[in-house]
Structures are given as C-alpha cells and as structure tokens.
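To start, the structure under review is shown below, and the notes come after it.
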Amino acid sequence: PEGTAVIFAGGVVGRVAEVRAFTSRIELISSPNFRMAATFEKDARPVVYQGVAQNGFGPPHGEVRDAPQDLLANSQAPLKLISTRLGGTFPAGLTIGTVNWLEPGSSGIFQTGKVHLDKRLLSLEEVTVLIPLNPIDYSHDAD
C-alpha cells in the first residue's frame, strides 16, 4: 500500500509513493519531500528528519531539526539518528544516519544538523517493504 515503509540492511530507504500492477515508486529518504519523526540513539526526545535536494552524485544526506540544545555531536563522537514509532510508518530503532555536527537553528531554541545517510543507498539492489498486519482503515470514520 502507498505510504508503507521501505527498508534495507542499512536502515530506512523511504516510503511507497505509488503502486502499479508490477512495480512501485519509492520516495527516497533523501528526497526534499520526505519527512519523518526520529530520535537520537539513547535519547527519547523526538526530532524531525527532512530530506534535502541532493547535489550531483555525492553521498546522500538530509537534515535534522528541533534537536535539543544539550546534545553535542562531533566527528569523533557522531550521533546516530534512528526511527521512532511517532509517525506510525516505521518501527522504532531503524538507522536513518549519523550527525557529526549540530548548530543553532533559525529559532535559536533548537539545533539543526546535516544527516549523513548510508552510501549504499546509491546502489540498492534489494529492499524490504514493511506491510502492516492490521492497517488502519479510515474509510468508515464518517459512518
């Protein structure tokens, strides 16, 4: 179904955007239209992951927003960004990427940073689509 999670051995790939008879189109985690709730490993506070426009054939990346001020990241101790159940699409604990640096965001209240995604996203050969066992059917809510 559209909107279901797509993953691989390295973590999150994206969401099913369109379903056809024998194929599906996937909105990749690096796409500027892709957004999801996330957390940093060993920190339960939610943050926002957002894909960004990619430049050429460089390594895939995204952006994290709304990170608390007390989190510190550097290249010697990068922070691992993981999925959370808050969005309802992905199970908790799947790898999104790593953050090597956080800086004050535009509001000055939270921090923002570049998320380095798994380089294997550039050459995927096999993915898994996570189909919910009990999908929520909203079509009868108006009854």
Side-chain angles (χ1 to χ4, degrees), residues 1-139 141:
E2 289 182 11
T4 54
V6 181
I7 64 171
F8 78 119
V12 175
V13 172
R15 282 188 201 97
V16 175
E18 182 181 1
V19 178
R20 297 191 180 146
F22 299 103
T23 62
S24 294
R25 187 173 56 81
I26 307 303
E27 182 176 39
L28 297 176
I29 190 170
S30 57
S31 165
N33 297 323
F34 189 94
R35 185 181 204 175
M36 69 182 286
T39 60
F40 286 103
E41 190 172 53
K42 300 178 184 169
D43 189 316
R45 296 172 291 182
V47 297
V48 176
Y49 169 81
Q50 174 82 47
V52 297
Q54 305 297 300
N55 50 1
F57 294 101
H61 63 279
E63 179 181 81
V64 64
R65 288 190 243 145
D66 301 335
Q69 287 288 341
D70 62 340
L71 289 176
L72 300 173
N74 59 58
S75 56
Q76 284 74 40
L79 296 174
K80 184 176 178 181
L81 190 65
I82 58 174
S83 64
T84 179
R85 293 176 198 240
L86 287 177
T89 303
F90 294 93
L94 297 173
T95 300
I96 296 172
T98 57
V99 177
N100 294 341
W101 183 256
L102 288 169
E103 60 190 20
S106 58
S107 71
I109 298 172
F110 296 104
Q111 297 186 92
T112 186
K114 182 176 182 178
V115 179
H116 301 272
L117 304 174
D118 193 311
K119 292 177 185 170
R120 294 177 290 176
L121 287 169
L122 296 173
S123 59
L124 290 175
E125 293 185 17
E126 188 172 292
V127 298
T128 299
V129 178
L130 300 180
I131 300 172
L133 291 177
N134 298 313
I136 299 171
D137 183 3
Y138 294 106
S139 63
D141 286 351

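Below, each value reflects all heavy atoms present in this structure, side chains not excepted, and no hydrogens, waters or symmetry copies. Along the sequence shown, the residues carry numbers beginning at 1.
L28 contributes atom CG, which lies 11.5 Å from atom CZ of R15 (distance to the nearest 0.5 angstrom). Considering CE of M36 and CG of L86, their distance stands at 9.5 Å, rounded to 0.5 Å. Atom-to-atom distance recorded for I82:CD1 and T39:OG1 is 4.0 Å, nearest 0.5 angstrom. Summarising the geometry, atom NE2 belonging to H116 is positioned 11.5 Å from atom CG belonging to L81; distances are rounded to the nearest 0.5 Å. Atoms CZ and CD, from F110 and Q69 in turn, are 8.5 Å apart once rounded to the nearest 0.5 Å. Here the straight-line distance linking atom CD of E63 with atom NE2 of H61 works out to 9.0 Å at 0.5 Å rounding.
With hydrogens and angles ignored, the 3.5 Å screen pairs no side-chain donor or acceptor of S30 with any backbone N or O of G51. Of the possible polar contacts, one joining the Q54 side chain to the V52 backbone as a donor-acceptor pair under 3.5 Å is found. Under a 3.5 Å cut-off, the side chain of T128 and the backbone N or O of F8 do not form any donor-acceptor pair. No side-chain donor-acceptor contact under 3.5 Å links T23 to the backbone of R20. In this structure a side-chain-to-backbone donor-acceptor pair under 3.5 Å is missing from E2 to V16.
Counting all heavy atoms, side chain and backbone alike, G14 lies closest to F90 at O-CZ, 3.3 Å. Across every non-hydrogen atom of L71 and L79, the tightest pair is CB-CD1, 4.2 Å. Counting all heavy atoms, side chain and backbone alike, P91 lies closest to S83 at O-OG, 2.5 Å. Taking each heavy atom of V47 and A67 in turn, the nearest pair found is CG1-CA, 3.7 Å. Nearest heavy atoms, N100 versus P78: OD1-CB, 3.2 Å. Of all heavy-atom pairs between L122 and P59, the closest is CD1-CA, 4.5 Å.
Around the CZ atom of R45, the shell of radius 6.0 Å holds more than 12 heavy atoms that belong to other residues, nucleotides or ligands.
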Checklist entry - After noting the C-alpha distance and the side-chain angles of V48 and V64, does the key distance pass the side-chain contact (heavy atoms from CB on, under 4.5 Å) rule? => result CA-CA 6 Å; V48 176; V64 64; over 6 Å; no
Next on the checklist: One pair to check against side-chain contact (heavy atoms from CB on, under 4.5 Å): L94 and I7. What are the steps and the verdict?
Outcome noted: CA-CA 8 Å; L94 297 173; I7 64 171; 3.6 Å; yes
Next on the checklist: Run the side-chain contact (heavy atoms from CB on, under 4.5 Å) test on V13 and L121 for me, step by step, so that the C-alpha distance in whole Å, both residues' side-chain angles and the decisive distance to 0.1 Å come before the verdict.
Outcome noted: CA-CA 7 Å; V13 172; L121 287 169; 4.2 Å; yes
Checklist entry - How far apart are the C-alpha atoms of T84 and Y49, what are their side-chain angles, what is the distance that settles it, and do they pass the side-chain contact (heavy atoms from CB on, under 4.5 Å) test? => result CA-CA 11 Å; T84 179; Y49 169 81; over 6 Å; no
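Listed by chain and residue number, R65 satisfy the side-chain hydrogen bond (donor to acceptor under 3.5 Å, both in side chains) test with Q50 (two or more places apart in sequence, or in another chain).
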